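To start, the structure under review is shown below, and the notes come after it.
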There are 2 protein chains.
Amino acid sequence: MQYETPYAAPTLTVDLVGFQVIHGELCVLILKRPNEPFSGTWALPGGYNPEGETTEAALQRIIRHKISIDIDKDFSYIEQLYTFDTVARDPRGHAVAVTYLACGRAIELPSLDYETSFTPIVALPELAYDHADIIDYAHKRLAAKLLYTNIAFAFMPPKFTLTELQSTYEALLGRKLDKRNFRKKILSQDIISPSGELRTEAAHRPAQLYQFDHQELREVTETF
Amino acid sequence: MQYETPYAAPTLTVDLVGFQVIHGELCVLILKRPNEPFSGTWALPGGYNPEGETTEAALQRIIRHKISIDIDKDFSYIEQLYTFDTVARDPRGHAVAVTYLACGRAIELPSLDYETSFTPIVALPELAYDHADIIDYAHKRLAAKLLYTNIAFAFMPPKFTLTELQSTYEALLGRKLDKRNFRKKILSQDIISPSGELRTEAAHRPAQLYQFDHQELREVTETF
DNA sequence: TCAAAAGTGTTCAGGATACACCCATGC
DNA sequence: GCATGGGTGTATCCTGAACACTTTTGA
């Protein structure tokens, strides 16, 4: 196509919806914006994607810079979520925002000049832009994927009990599951194996420890 | 974030994967590129997205300009497919491509200076860039959505027989379905209703005509 | 009367759901 | 010995899959 005026691209931004489960609650990574616009308001972490940098690389750089964590190292899984046109959304004018969804476990946030937090999705503060909708959308995607993939691997430590795994499923789905049916189902999916070790710390019968067979996303035929 | 140099955004492009079913075959809209790069090679229609225009608006404009059809009028359904980083893909350098998936029926292509075609996906020519992969991805998404939504509405005329509907499902899924099971299933989904009219043109028993209850995407609980 | 597509039911197997008690350990 | 979570099996229902013949029309 020909343009009379030189081609000018819209501003491109990338944002992260970073999840982990803490104390049986699904939490999402947010920060209190130190700068305008929406200074002082909580929002998803994100920033500008300049020419010459892929969206994943830009996100990696921005999260390292703004949150001081490393996406590849600290999150176990990442996928692209959706691309939003922000004509009406962003007071700075037209921009396009590519959003990513990431899942991890036991991520510690370094303390910074401004607040960052993994906040339970049931207790989120007011958020800038339409970030609350984006988190909802990511949560729906995540709950759906739980039913037909092994994505739970990204939330679990290397060794875990079936009860701990069930608790993660319940946190992500937002509902209770039957213990016997959960065990039958998860074992029939052939995505985890017993490690042979037992967890003996507690004042009750020791639990068998399991591990995920794969640390990459796989689809399963069985569903919940 | 601060930048030493002024912020420069990557080139933003939009591409369309446009589907319709012709003679029981799933077909996709491609054109023979009149310009470099890849001049003379078949590719998905697409173009540049300048600042100030949403990706959907840019796509609308580009398809009207390049194919002389109107997305809103000629396609019955459109959704965003995926956003690709094209660092390695595009010989012109770094670009970000937002792709859309659209579905329609009985779309007639006006003749132009260069070739455009709804080509059966089983008989696609060599395509520019990684457009063949993008079409595969779109096809998978479509087949998945067929199982848990009413998306077939976008491929069907206002009135149709159950056999015609089954043929569309078979074209999209790439496999044959059992007639009795299909009818039980589709009727249990409560997404179509008999119109009361019959199709009597042919040399066999007349068929009941059905219509979709809704012309927007809905999810169904029942699946195939 | 024949060709061609429309229309219709049953059986079977496997998965989903609901549900309650005994087991092994630390204190 | 008791509190705590670990671990297990069965009965029922529902859904998915396989499968063949009769009906109605136009030519």
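Nothing here was measured: the structure is a model prediction, and the numbers come from that model. Order of the sequence lines fixes the chain letters, A, B, ..., with proteins taken first and strands second; residue numbering starts at 1 for each chain.
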- [ ] Classify the nucleic acid contact of Glu201(A) as base, sugar-phosphate or nothing, counting any heavy atom under 4.0 Å across all strands shown.
- [x] nothing

Task: Side chains of Leu29(A) and Leu109(A) in contact at under 4.5 Å (non-hydrogen atoms) - done: yes

- [ ] Could you check which of dG9(C), dA6(C), dG6(D) has an atom nearest any side-chain atom of Arg180(B)?
- [x] dG9(C)

Task: Pair Ser193(B), Asp213(B): side-chain N/O donor-acceptor within cut-off below 3.5 Å - done: yes

TODO: Can you check whether any acceptor in the base of dT17(C) is under 3.5 Å from a donor in the side chain of Lys176(A), or vice versa?
DONE: no

Open item on the list: Assess, by modelled atom type and distance only, whether the side chains of Gln166(B) and Glu170(B) contain a donor and an acceptor separated by less than 3.5 Å.
Closed with: yes

Task: Thr161(A) backbone acceptor or donor facing Gln208(A) side chain under 3.5 Å - done: no

Open item on the list: Nearest whole Å is fine: how far is dT8(D) C1' from Gln208(A) CD?
Closed with: 15 Å

Open item on the list: Please compare Tyr210(B) and Ala203(B) by the position of their nearest nucleotide in DNA chain C and report the one closer to 5'.
Closed with: Ala203(B)

Task: Separation of dG26(C) P from Arg199(A) CZ (nearest whole Å) - done: 15 Å

Open item on the list: Can a donor-acceptor pair be found, under 3.5 Å and without considering hydrogens, that links the side chain of Arg183(B) to the backbone of Leu162(B)?
Closed with: no

Task: OP1 or OP2 of dA5(C) under 4.0 Å from side-chain N/O of Thr163(B) - done: no

Open item on the list: The side chain of Pro206(A) is closest to which nucleotide in this list: dT25(C), dG9(C), dA6(C)?
Closed with: dT25(C)

Task: Between Thr55(B) and Asn49(B), a side-chain donor and acceptor under 3.5 Å - done: no

Task: Rounded distance in Å - CG (Leu198(A)) to P (dT25(C)) - done: 9 Å

TODO: Give a yes/no on whether any side-chain N or O of Arg183(B) is located under 4.0 angstrom from OP1 or OP2 of dG7(C).
DONE: yes

Open item on the list: What's the closest nucleotide to the side chain of Arg205(B) if the choices are dA24(C), dG9(C), dA5(C)?
Closed with: dA5(C)

Open item on the list: Please report the distance, rounded to the nearest Å, between CG in Asn181(A) and C1' in dG9(D).
Closed with: 11 Å

- [ ] For dG7(D), take OP1 and OP2 only and decide whether either is under 4.0 Å from a side-chain N or O of Lys179(A).
- [x] no

Task: Residue whose nearest DNA chain D nucleotide is more 5′ - Thr200(B) or Asp178(A) - done: Asp178(A)

Task: Separation of dG16(D) P from Leu173(B) CG (nearest whole Å) - done: 14 Å

Task: Within the 6.0 Å centroid threshold, strictly below: Tyr77(B) and Phe155(B) - done: no

Task: Integer-rounded Å distance: dT8(D) C1' and Leu162(A) CG - done: 12 Å

Task: Chi angles and distances behind the side chain to side chain contact (heavy atoms under 4.5 Å, CB included) call for Leu81(A), Tyr100(A) - done: CA-CA 5 Å; Leu81(A) 182 63; Tyr100(A) 282 84; 5.8 Å; no

TODO: Nearest whole angstrom, please: distance from the P of dG7(C) to the CD of Gln166(B).
DONE: 12 Å

TODO: Would you mind reading off the distance between His204(A) atom NE2 and dC23(C) atom C1', rounded to a whole angstrom?
DONE: 13 Å

Open item on the list: Let's see if you can work this out: which of dA17(D), dT24(D), dT15(D) has an atom nearest to the side-chain heavy atoms of Lys185(B)?
Closed with: dT15(D)

TODO: Please report how far the helix from dT1(C)-dA27(D) to dC27(C)-dG1(D) bends, comparing the axis fitted to its first five pairs with the axis fitted to its last five, to the nearest 10 degrees.
DONE: 10°

